[in-house]
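Report on one structure; see the data block that follows.
Nothing here was measured: the structure is a model prediction, and the numbers come from that model.
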Amino acid sequence: MPRELVSKNGGLVRTALFKATKRIREQARQRAPRDTGVLAKNIIAVRDKNPRANGASERYIITVRKKRWSKQAKERATRRANGKIDYRRSNDAYYWRWVEFGTATQQAQPFLRPAFESEKEAAVLDFKDSLASGIKRAVAKMRK
């Protein structure tokens, strides 16, 4: 394929795929349970660093953001009465798997899988339309 269509960073395919992925991500954010809103805010679309390992040229994954302990979070840690340190992570949605798949005592409240199932056809159409318009723009640019 010409360099105008596929660059080292993904080119038109990457752009079109991200536009399609945004639709599913937004649907997952709408479907996520909203006790505090932290879970919905942490639903993201991440570009796969090595898509060729899975046989693709480009790939995005819709997941929930993983938080790392920051220095500020460690400084805000408090010591409990029993001597253990209590770290407070107010914006970490570490519990998302328990919500999505349920536990022995908690019923599942899926939000990622239904979002994918409800939006997959529309996402494919978004991808197709975006790629087609990008190709038309690239062809027009090459003719000049």
Side-chain angles (χ1 to χ4, degrees), residues 1-78 80 84-144:
M1 291 182 94
R3 280 181 38 203
E4 289 80 9
L5 300 182
V6 180
S7 69
K8 183 177 178 183
N9 292 327
L12 293 176
V13 175
R14 177 182 177 181
T15 304
L17 188 58
F18 184 69
K19 284 182 181 177
T21 304
K22 285 195 305 188
R23 174 184 286 273
I24 298 171
R25 181 192 66 194
E26 292 308 314
Q27 183 62 231
R29 285 180 176 170
Q30 289 176 1
R31 290 176 179 259
R34 294 208 179 253
D35 294 333
T36 61
V38 169
L39 181 56
K41 277 194 276 184
N42 283 296
I43 296 173
I44 57 172
V46 180
R47 183 176 183 229
D48 190 351
K49 293 178 183 173
N50 188 12
R52 292 187 191 345
N54 294 306
S57 60
E58 280 295 321
R59 184 172 111 153
Y60 276 88
I61 302 165
I62 299 171
T63 187
V64 178
R65 180 181 290 124
K66 295 175 186 161
K67 297 288 183 171
R68 300 263 193 294
W69 290 106
S70 66
K71 185 176 180 181
Q72 293 84 13
K74 289 180 181 178
E75 289 171 357
R76 286 192 303 260
T78 57
R80 293 187 201 166
K84 292 186 178 181
I85 296 176
D86 185 21
Y87 293 106
R88 303 212 185 264
R89 301 191 293 184
S90 61
N91 60 353
D92 188 1
Y94 63 90
Y95 52 87
W96 76 271
R97 285 183 182 86
W98 302 327
V99 175
E100 176 76 10
F101 300 111
T103 65
T105 58
Q106 176 182 329
Q107 189 175 13
Q109 299 175 32
F111 55 94
L112 287 175
R113 293 171 291 160
F116 172 75
E117 291 299 326
S118 70
E119 295 294 328
K120 63 185 175 185
E121 288 90 7
V124 169
L125 290 175
D126 284 352
F127 174 76
K128 185 180 107 177
D129 294 342
S130 180
L131 189 61
S133 66
I135 290 172
K136 285 179 185 175
R137 282 192 312 271
V139 168
K141 186 177 178 182
M142 289 170 50
R143 286 185 180 164
K144 288 183 180 180

Without placing hydrogens or testing angles, list every side-chain donor-acceptor pair under 3.5 Å for residues 105-117, not counting sequence neighbours.
{"from": "Arg113", "atom 1": "NE", "to": "Glu100", "atom 2": "OE2", "distance (Å)": "2.9"}
{"from": "Arg113", "atom 1": "NH2", "to": "Glu100", "atom 2": "O", "distance (Å)": "3.0"}
{"from": "Glu117", "atom 1": "OE1", "to": "Lys120", "atom 2": "NZ", "distance (Å)": "2.9"}

Note, Thr103 side chain near Tyr95 side chain (heavy atom, < 4.5 Å): no
pair Thr63-Trp96: side-chain heavy atoms closer than 4.5 Å: yes
N/O donor-acceptor pair under 3.5 Å between Arg23 side chain and Glu119 backbone: no
N/O donor-acceptor pair under 3.5 Å between Ser130 side chain and Asp126 backbone: no
Set of residues satisfying side chain to side chain contact (heavy atoms under 4.5 Å, CB included) with respect to Arg65, sequence neighbours excluded: Asn42, Ile44, Lys67
Contacts of type side chain to side chain contact (heavy atoms under 4.5 Å, CB included), residue Arg143, not counting sequence neighbours: Val139
Can you tell me how far the [atom1] atom of [X] sits from the [atom2] atom of [Y], to the nearest 0.5 Å?
X	Y	atom1	atom2	result
Arg31	Leu39	CZ	CG	14.0 Å
Arg25	Gln30	CZ	CD	11.5 Å
Ile62	Thr21	CD1	OG1	5.5 Å

Pairs meeting criterion salt bridge (Lys or Arg N to Asp or Glu O under 4.0 Å) with involvement of residues 127-140, two or more places apart: none
Counterpart residues, salt bridge (charged side-chain N to carboxylate O under 4.0 Å, His left out), relative to Asp48 (two or more places apart): Arg59
Non-neighbouring partners of Tyr60 that pass ring-ring contact (aromatic ring centres under 6.0 Å, His included), sequence neighbours left out: Phe18
Which atom of Ile24 lies closest to which atom of Ala123, heavy atoms considered: CD1-CB, 3.9 Å
Distance-minimising heavy-atom pair for Ala138 and Leu12: CB-CD1, 4.4 Å
